[in-house]
Number of protein chains: 2
Amino acid sequence: MPPTLTPRQQQILDWIAERVRRQGSPPTRVEISAAFGFSSPNAAESHLRALARKGAIVLDSGRARGIRLSESGASGDRLPLIGRVAAGSPILAAENVEEELGMNGQSFSPQAHYLLRVRGDSMIEAGILDGDLLAVHRTPEARQGQIVVARLGEEVTVKRFHRRGRKVQLRAANPEYQTIEVDLDRQELIIEGLGVGVLRRW
Amino acid sequence: MPPTLTPRQQQILDWIAERVRRQGSPPTRVEISAAFGFSSPNAAESHLRALARKGAIVLDSGRARGIRLSESGASGDRLPLIGRVAAGSPILAAENVEEELGMNGQSFSPQAHYLLRVRGDSMIEAGILDGDLLAVHRTPEARQGQIVVARLGEEVTVKRFHRRGRKVQLRAANPEYQTIEVDLDRQELIIEGLGVGVLRRW
DNA sequence: CCGATTACTGTATAAATACCCACCATGCCT
DNA sequence: AGGCATGGTGGGTATTTATACAGTAATCGG
C-alpha cells in the first residue's frame, strides 16, 4: 500500500482531482497556490513533490500542467501502459506508466494485468512489430514455447521461453537475432509475465 | 447543430480528445504540430481557432494547454466484435456481432467503432495474422496506403488502399495474393472503414 | 537534543507555451 | 474578378510555468 497522505496532502490531491474533472486540465503551481492562499508557488511545488514521492500523482518534468493522477481507484477496466522500464524499478512502478488505456484486462485469457510496449523487431515472425503493445498476464510460471516477459539483470525483454533442466533459452522470432542462453545457476532470470495478446494502434 | 467540421478538423479534434483522455491534459500547439508533422506551430494554432470558431472546443486564452472540449461525447466503453459478415447485411447488424469486448474505442485514434475478425493471412506482412481483430474506424474516406475494410459486392475484405483516378487497387500484404483492381465506373466499391489498430488474443 | 518531515514565504530564472505577423496556394461562392 | 475559408511555412515575442535556491517555524520519533 502507498504511504498514507497527510490531511493537507489529501485535501490538495482532492482539489486537483476535482479540477481535472471540471476543467479538463491539471492546475499549475500558481493556480494551486491561489486556490489555497499560498503566497509562494513553491508551497504548491513541495506538496506536489510529496504527493509524487508517495505515488499519488506522477509529475511529467518540464511540462506545463504535467500532473497526472495515479488513478488509485476505479481500476478494473483500465490497463496501465508500460513504456520504458527504468533500471531496477518494478515493472508496475508509477514512473514506468505512460498512460492508462480504457480496456478490460478480462478481454484476454488469462487476464491481462498490463500492456508493455515492445521495442525492436525481434518477435516479428510472431506478428509482433516494433511499438506494439504486448498484453501481459503477471505470473512467474511459463511453459515451453510461450511468449514471456523476462528480466535479465536490468534488461526486460520479450522472447519465447524454452527450458531444459537448469538451462533456459530465450528465443527471438526473427532469424537475425541470437538465442539467449541462461544458466539458472549462474544468472538470475525473472519471469515477469506471460504474453496473452497484442494491441497495435496506428 | 454546430457547423460541420472538415475532415482535417475532425481528425485533429479526434486526436485532441484522445490525447486528453489518455494523458489527462490537453496538448500544446507544438505537440499537435509534432503529431501531424506541421513544421510551424501556427498551423496548429489556426486549426484550433477554426475549431473554436465552430464551437467544437473552447480556448482559454493565455493559458498553457488551455483547450477544453465542448462536447464531452461520452461514448460507450464496449466494442462489438464482428465475426463473419452475412451477405448483404450492414456490418454492424446485430446478426454479425459475435460478442462485445470491454474496451474503449477511444483507446485508438481516430476512435474505433468496432472490431472485425480477420480471416486468412493476406495481411501477414503488415503484422496482421489469421484470427486477429482489426479495430475499425467507420468512415468512407481513405488515403493512399491505408488499411481499409472494403466491400466489393458481397465480399468484405481487409486490404491496403491505393487509388489512381477512377481505378482503385486493393493490395494484400502477402506476395502470394494478387492485387485486386477495381474500376469505379464498372463496379461498386464501398469503404466501410479504416483500420486503426489490431487486437490479438492468445 | 537531533534529524526528518511537514508546511509554508520570497525571489529568481530558464524553458515551455500562447499567440502575433507576414506570406503562399487551393478551392469555393458570388 | 474578388472575397473568404482552408491548410499550410517561417519566424518572433511576451507571458506562463516549472523549478531551483534560501529561509522560517512547527511537529514527531528516537
Side-chain angles (χ1 to χ4, degrees), chain A residues 1-16 19-20 23-70 94-95, chain B residues 1-16 19-20 23-70 110 139 141 143-144 165:
Chain A
M1 278 297 103
T4 45
L5 302 181
T6 66
R8 191 57 161 166
Q9 287 166 358
Q10 186 63 56
Q11 200 181 345
I12 288 169
L13 179 60
D14 289 345
W15 183 84
I16 293 172
R19 252 294 301 242
V20 170
Q23 304 242 12
S25 62
T28 66
R29 275 69 167 165
V30 171
E31 286 168 357
I32 296 173
S33 298
F36 287 91
F38 305 153
S39 62
S40 166
N42 192 40
E45 174 73 16
S46 45
H47 272 118
L48 290 177
R49 301 217 168 223
L51 287 170
R53 183 161 29 82
K54 293 181 174 181
I57 62 176
V58 177
L59 292 175
D60 291 335
S61 83
R63 301 169 69 121
R65 302 175 190 272
I67 303 171
R68 286 182 307 181
L69 302 173
S70 295
E95 63 188 288
Chain B
M1 229 33 224
T4 48
L5 302 182
T6 66
R8 191 58 162 166
Q9 287 165 359
Q10 185 62 54
Q11 200 181 347
I12 288 167
L13 179 60
D14 287 346
W15 183 84
I16 294 171
R19 253 295 302 247
V20 170
Q23 306 247 9
S25 62
T28 67
R29 274 68 165 165
V30 170
E31 285 168 356
I32 296 172
S33 298
F36 286 91
F38 304 153
S39 64
S40 167
N42 190 41
E45 175 73 18
S46 46
H47 277 301
L48 290 177
R49 304 230 166 205
L51 287 170
R53 181 160 31 81
K54 292 182 175 180
I57 61 175
V58 176
L59 291 175
D60 292 334
S61 83
R63 305 167 68 121
R65 300 171 190 273
I67 302 171
R68 285 181 309 189
L69 301 172
S70 314
T139 172
E141 293 175 29
R143 278 183 282 168
Q144 299 292 343

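Only this structure's heavy atoms are used, side chains among them; waters, hydrogens and symmetry mates stay out. By convention in this document, chain letters (A, B, ...) are assigned in the order of the sequence lines, proteins followed by strands, and residues within each chain are numbered from 1.
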| message | Treating B:R65 as the side-chain partner and A:A64 as the backbone partner, does any N or O pair qualify as donor plus acceptor under 3.5 Å? | response | yes
| field | A:K54 side-chain N/O to C:dT5 phosphate OP1/OP2 under 4.0 Å | value | no
| request: With heavy atoms under 4.0 Å as the rule, sort B:A64 into base, sugar-phosphate or nothing. | output: sugar-phosphate
| message | It should be established whether A:H47 places a side-chain nitrogen or oxygen under 4.0 Å from OP1 or OP2 of nucleotide C:dT6. | response | no
| request: Measure the distance from CZ on B:R53 to C1' on D:dC4 and round it to the nearest whole Å. | output: 10 Å
| Rounded to the Å, how far apart are B:D60 CG and C:dA18 P? | 11 Å
| field | Whichever of A:L59 and B:F38 has its nearest DNA chain D nucleotide further upstream toward 5' | value | B:F38
| message | Whether B:R8 contacts D:dG8 is assessed here as follows: a side-chain N or O lying under 4.0 Å from the phosphate OP1 or OP2. Is that the case? | response | yes
| note | Here the distance between atom P of C:dA7 and atom CD1 of A:I12, to the nearest Å, is 7 Å
| query | Does OP1 or OP2 of D:dA5 have a side-chain N or O of B:Q9 closer than 4.0 Å? | reply | no
| request: Check whether the side chain of B:N42 and the base of D:dT9 form a donor-acceptor pair under 3.5 Å. | output: yes
| B:S46 side-chain N/O to D:dG8 phosphate OP1/OP2 under 4.0 Å | no
| Is any side-chain nitrogen or oxygen of B:T6 closer than 4.0 Å to OP1 or OP2 of D:dG7? | yes
| message | In whole Å, I'd like the distance from the CG atom of A:L51 to the P atom of D:dA18. | response | 15 Å
| task | Choose from C:dA12, C:dC19, D:dT6 the nucleotide whose nearest atom is closest to any side-chain atom of B:P41. | result | C:dC19
| task | Quick one: label A:T28 by what it contacts on the DNA or RNA (base, sugar-phosphate, nothing), any heavy atom closer than 4.0 Å. | result | sugar-phosphate
| task | Give a yes/no answer on whether the side chain of B:R29 brings an N or O atom under 4.0 Å of OP1 or OP2 in C:dC20. | result | no
| remark: Result for 5'-nearest mapping on DNA chain D, choosing between B:A50 and A:R49, is B:A50
| Distance, nearest 0.5 Å, that separates OG1 of B:T6 from CG of B:L13 | 10.5 Å
| query | Between B:R143 (CZ) and D:dG7 (P), how many Å, whole number? | reply | 11 Å
| Integer-rounded Å distance: D:dT6 C1' and B:Q10 CD | 16 Å
| said: What is the separation between atom CD1 on A:I32 and atom P on D:dT17, rounded to the nearest whole Å? | reply: 12 Å
| field | side-chain contact (heavy atoms from CB on, under 4.5 Å) between A:I32 and A:L48, worked out | value | CA-CA 10 Å; A:I32 296 173; A:L48 290 177; 4.1 Å; yes
| task | Please check if the distance between the ring centroids of B:F36 and B:H47 is under 6.0 Å. | result | no
| message | I need the CZ-C1' distance between B:R65 and C:dA18, as an integer number of Å. | response | 12 Å
| From CD (A:E31) to CH2 (A:W15), nearest 0.5 Å | 6.5 Å
| request: Using a cut-off of strictly less than 4.0 Å, decide whether A:R63 has a side-chain nitrogen or oxygen near OP1 or OP2 of D:dT16. | output: no
| Would you say a side-chain N or O of A:S39 is under 4.0 Å from OP1 or OP2 of C:dT9? | yes
| query | Is the backbone N or O of A:A44 less than 3.5 Å from a side-chain atom of A:R29, with the two atoms forming a donor-acceptor pair by type? | reply | no
